[in-house]
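All remarks here apply to the structure that follows.
Computed from a predicted model, the values in this text were never measured in an experiment. We number each residue from 1, following the sequence as shown.
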Amino acid sequence: MRLFKVIACAAAVAAPFAANAQATTDAPAIGFGIIGGATFPVGDYNKAAPAGFNIGGFVDFGRRLGPVGIRTDLLYHGFGDRNIVTTGGSATNVTISNKYSMVTGTLNGVIGVPLELSAIRPYVTGGVGAYYVRNSPRCSVNSITCSYNGSSESTTKFGLNGGAGIEFGLGGAAAFLESRFHQVFQGSPDLGCIGTANCNRAALQIVPVQLGVRIQF
């Protein structure tokens with residue numbers, strides 16, 4: 001809720017400046033903004049990470065008078081701890097947990113109602129991205145911290161994403177709500193071997209649901 005209040009305040013402050021700086025209507029639209037919301041792991045990744053949050057920014061180009069544009073996003077996703085594996089007997093119970101975080105950079109095409117034609121503009125979007133994933137595993141024995149050779153690991157993988165949204169507003173500023181599905185190839189340790197050396201990697205899927213503010217020039 002606090003994040004959405006910040007986004008709304010930013011739109012109110014920036015709108016007059018964006019309106020004054022708006023280029024002629026026959027020029028391509030160039031926009032930028034902030035975006036944030038909740039990130040939901042899905043598929044096997046839902047077993048490894050709880051729901052988290054995301055925050056970041058974007059730049060886009062096009063869609064003033066035509067339906068096609070492009071957009072690039074840079075986002076941070078944070079997730080809490082989740083217990084992954086429990087092994088051993090009652091006296092030597094070992095629980096391995098993991099905390100994930102992620103930085104995503106995507107380049108997407110956007111197809112939707114042109115900016116100058118309507119105050120309510122649905123759109124679809126999809127593209128490619130690079131995903132920097134950080135895993136921070138740790139273990140405990142009967143709630144006492146123990147040594148574990150699976151130190152924090154960082155990896156960068158490529159993936160695809162696609163989704164849809166709806167944008168509201170005319171002139172220099174607009175707000176939008178969107179959701180996308182991200183498929184990251186080999187982005188997560190395989191849950192069947194986590195805690196062991198050379199663990200195979202599995203696909204990672206997330207679904208962010210986001211609210212954003214776009215300032216147009």
Test your reading of the model: is there a side-chain donor-acceptor pair from Arg121 to the backbone of Gly169, 3.5 Å cut-off?
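At least one qualifying donor-acceptor pair exists.
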Are the side chain of Asn54 and the backbone N or O of Ala38 linked by a donor-acceptor pair below 3.5 Å?
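The answer is yes, because a donor-acceptor pair under 3.5 Å joins these two groups.
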[atom1]-[atom2] distance between [X] and [Y], expressed to the nearest 0.5 angstrom:
{"X": "Ile206", "Y": "Tyr100", "atom1": "CD1", "atom2": "OH", "answer": "12.5 Å"}
{"X": "Asp60", "Y": "Arg71", "atom1": "CG", "atom2": "CZ", "answer": "7.0 Å"}
{"X": "Ile30", "Y": "Arg64", "atom1": "CD1", "atom2": "CZ", "answer": "8.5 Å"}
{"X": "Phe61", "Y": "Thr72", "atom1": "CZ", "atom2": "OG1", "answer": "14.0 Å"}
{"X": "Gln183", "Y": "Leu204", "atom1": "CD", "atom2": "CG", "answer": "8.5 Å"}
{"X": "Thr104", "Y": "Leu74", "atom1": "OG1", "atom2": "CG", "answer": "7.0 Å"}

Hey, what else clusters with Val42 if you join Ile, Leu, Val, Met, Phe, Trp, Tyr whenever side-chain heavy atoms sit under 4.5 Å?
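Same cluster as Val42: Phe181, Val207.
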How does the hydrophobic cluster around Leu160 look, that is, which other residues are in it when side-chain heavy atoms under 4.5 Å mark a link?
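Noted: Leu160 shares its cluster with Val128, Phe185.
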Out of curiosity, does [Y] fall in the hydrophobic cluster containing [X] (side-chain heavy atoms, cut-off under 4.5 Å, transitive links)?
{"X": "Ile215", "Y": "Phe168", "answer": "no"}
{"X": "Val113", "Y": "Ile166", "answer": "no"}
{"X": "Val209", "Y": "Val124", "answer": "no"}
{"X": "Ile70", "Y": "Leu115", "answer": "no"}

Test of understanding: with ring-ring contact (aromatic ring centres under 6.0 Å, His included), list the residues that count as partners of Phe58, not counting sequence neighbours.
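Once residues adjacent in sequence are excluded, the partners of Phe58 under the ring-ring contact (aromatic ring centres under 6.0 Å, His included) criterion are Phe176.
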Taking every non-hydrogen atom, the tightest pair across [X] and [Y]:
{"X": "Arg214", "Y": "Gly62", "result": "NH2-O, 4.3 Å"}
{"X": "Pro41", "Y": "Ala51", "result": "CD-CA, 3.7 Å"}
{"X": "Pro208", "Y": "His77", "result": "CG-CE1, 4.0 Å"}
{"X": "Thr125", "Y": "Gly109", "result": "OG1-O, 3.0 Å"}
{"X": "Val133", "Y": "Gly187", "result": "CG1-O, 3.7 Å"}

Find out whether [X] and [Y] are in side-chain contact, i.e. whether some heavy atom of one side chain is under 4.5 Å from a heavy atom of the other.
{"X": "Met102", "Y": "His182", "answer": "no"}
{"X": "Arg180", "Y": "Thr106", "answer": "yes"}
{"X": "Gln186", "Y": "Thr155", "answer": "no"}
{"X": "Ile35", "Y": "Leu75", "answer": "yes"}
{"X": "Tyr131", "Y": "Asn161", "answer": "yes"}

